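I have placed the structure first, in the form of structure tokens, so that the comments after it can refer back to it.
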Amino acid sequence: MKKDFLTLQDFNKEEIVSFLDRTQELKHMRKEGIAHYPLKGKTLGMIFNKPSTRTRISFEVGMFDLGGHSLFLSSDQLQLKRGESLQDSARVLSRYLDGILIRTFDHDDVEELARHATVPVINGLTDLNHPVQVLSDLFTIREKRGHLDNLKVAYVGDGNNLTYSWIIAASILDFQLAVSSPPDFQTVRPRGINNTHLLEFIEDPLEGVRGADVIYTDVWVSMGQEESDQKIMSLQKYQINKQLVEAAKEDALVMHCLPAHRGEEITSEILDGTQSVVFDQAENRLHTQKSILEKLLSD
Ligand code: CP
Ligand code: NVA
């Protein structure tokens, strides 16, 4: 049976840990120049309905590294743009491809595509969820800290698709997560996940980052959202700057999925500072996604 990757909730803790373990092996193999072509003869179609640097390039290079091929499918150039249904598109694409990656707006569209595709579908970001990013970020944290146990992650900023994915990750892996967002800009809450001692919503960011091992932020205006002065004003005190970083643990990692708006959600001083791991984070997208591609497309 085909397996999709639409949300981290598609996997249990053991499966997530096995992606992380495999990522470590694949990263090592790439650094050592060890060839590994399990996806020879396989093709991934990549539908993009929004811009991308990291997701597109890391999936494309990932397929190449694994001996496979990828097709960039800009949604503007597909008949989807002219009204062909997702259902028909899924059925047709499944006749050519071994897997489909999709980045789009409405999460329901990804679910619809997956329902009708007979090949695995991977979510490359929706307005709701960005699971491949957070899987990769978990790898980065584990790589830097050696484990994920008893860690506190503080998410600070706009409540968005990344926040949503972090809440899911914390509920599966049982680490502590504090989310600090302004009251009017809270994320949608994943169904069935309640506040516990491990998941807290703390409006004051200085309070939220207290004792944190990781400070995580993202842009204040996500793709497809309207920029509003009111939103930017409400988020001012959620900027990751020296004062906020000093309120966390002394050696806290600073993370951002990128792209960053320097001077807005994070200062350049912090983004380029010694605690920032943002470029390792970006690199690890490649290694992590190779573990996903290998698992989903070769099974
Ligand atoms: N972090 C991330 O998904 O980056 P892109 O939008 O460049 O793919
Ligand atoms: N929240 C951001 C993430 C970009 C990778 C967005 O959806 O635009």
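Note that these values count all heavy atoms, side chains included, but never hydrogens, waters or copies made by symmetry. Note that this is a predicted model, so its numbers are computed, not measured. Counting convention: from 1, in listed order, for ligands and their atoms alike.
A salt bridge does not link E269 to K242: none of the charged side-chain nitrogens sits closer than 4.0 Å to a carboxylate oxygen. Looking at K295 and E15, no side-chain N of the basic residue comes within less than 4.0 Å of a carboxylate O on the acidic one, giving no salt bridge.
The immediate protein surroundings of ligand 2, defined as residues with any heavy atom under 4.0 Å of it, consist of L125, N160, N161, L162, D218, V219, S222, M223, L258.
Ranking the protein heavy atoms by distance from atom 6 (O) of ligand 1 puts R103 NH1, 2.8 Å first. For atom 4 (O) of ligand 1, the nearest non-hydrogen atom of the protein is R54 NE, 2.9 Å. Looking at atom 2 (C) of ligand 1, its nearest protein heavy atom turns out to be R285 NH1, 3.3 Å.
When each of Q281, E283, Q289, H287 is paired with R285, the side-chain hydrogen bond (donor to acceptor under 3.5 Å, both in side chains) condition holds for Q289 and for no other. Of the options N129, T187, N160, a side-chain hydrogen bond (donor to acceptor under 3.5 Å, both in side chains) to S165 is made by N129 and by none of the others.
Selection from T53, L162, V132 by nearest heavy atom to atom 5 (P) of ligand 1 gives T53.
Not a single N or O atom of M223, backbone or side chain, sits closer than 3.5 Å to an N or O atom of ligand 1. Close N/O approach between L258 and ligand 1 is found [any backbone or side-chain N/O within under 3.5 Å]. Residue contacts with ligand 1: R56 is placed with no nitrogen or oxygen under 3.5 Å of a nitrogen or oxygen of the ligand (distance criterion only).
Every residue two or more places apart in sequence or in another chain that forms a ring pair (Phe, Tyr, Trp, His ring centres under 6.0 Å) with F11 is listed here: F5, F19. For R91, there are no salt bridge (charged side-chain N to carboxylate O under 4.0 Å, His left out) partners, not counting sequence neighbours. By the salt bridge (charged side-chain N to carboxylate O under 4.0 Å, His left out) test, D272 is found to be paired with R262, residues two or more places apart in sequence or in another chain being considered.
The closest side-chain heavy-atom distance from H36 to P38 is below 4.5 Å.
In this structure, R56 fails the cation-pi test against F48, since its NZ or CZ atom is not both closer than 6.0 Å to the six-membered ring centre and inside 45 degrees of the ring normal. At least one test fails for K152 against the ring of F175: distance under 6.0 Å to the centre or angle within 45° of the axis.
Near H130, meaning under 4.0 Å from one of its heavy atoms, ligand 1 places the atoms 2 (C), 3 (O).
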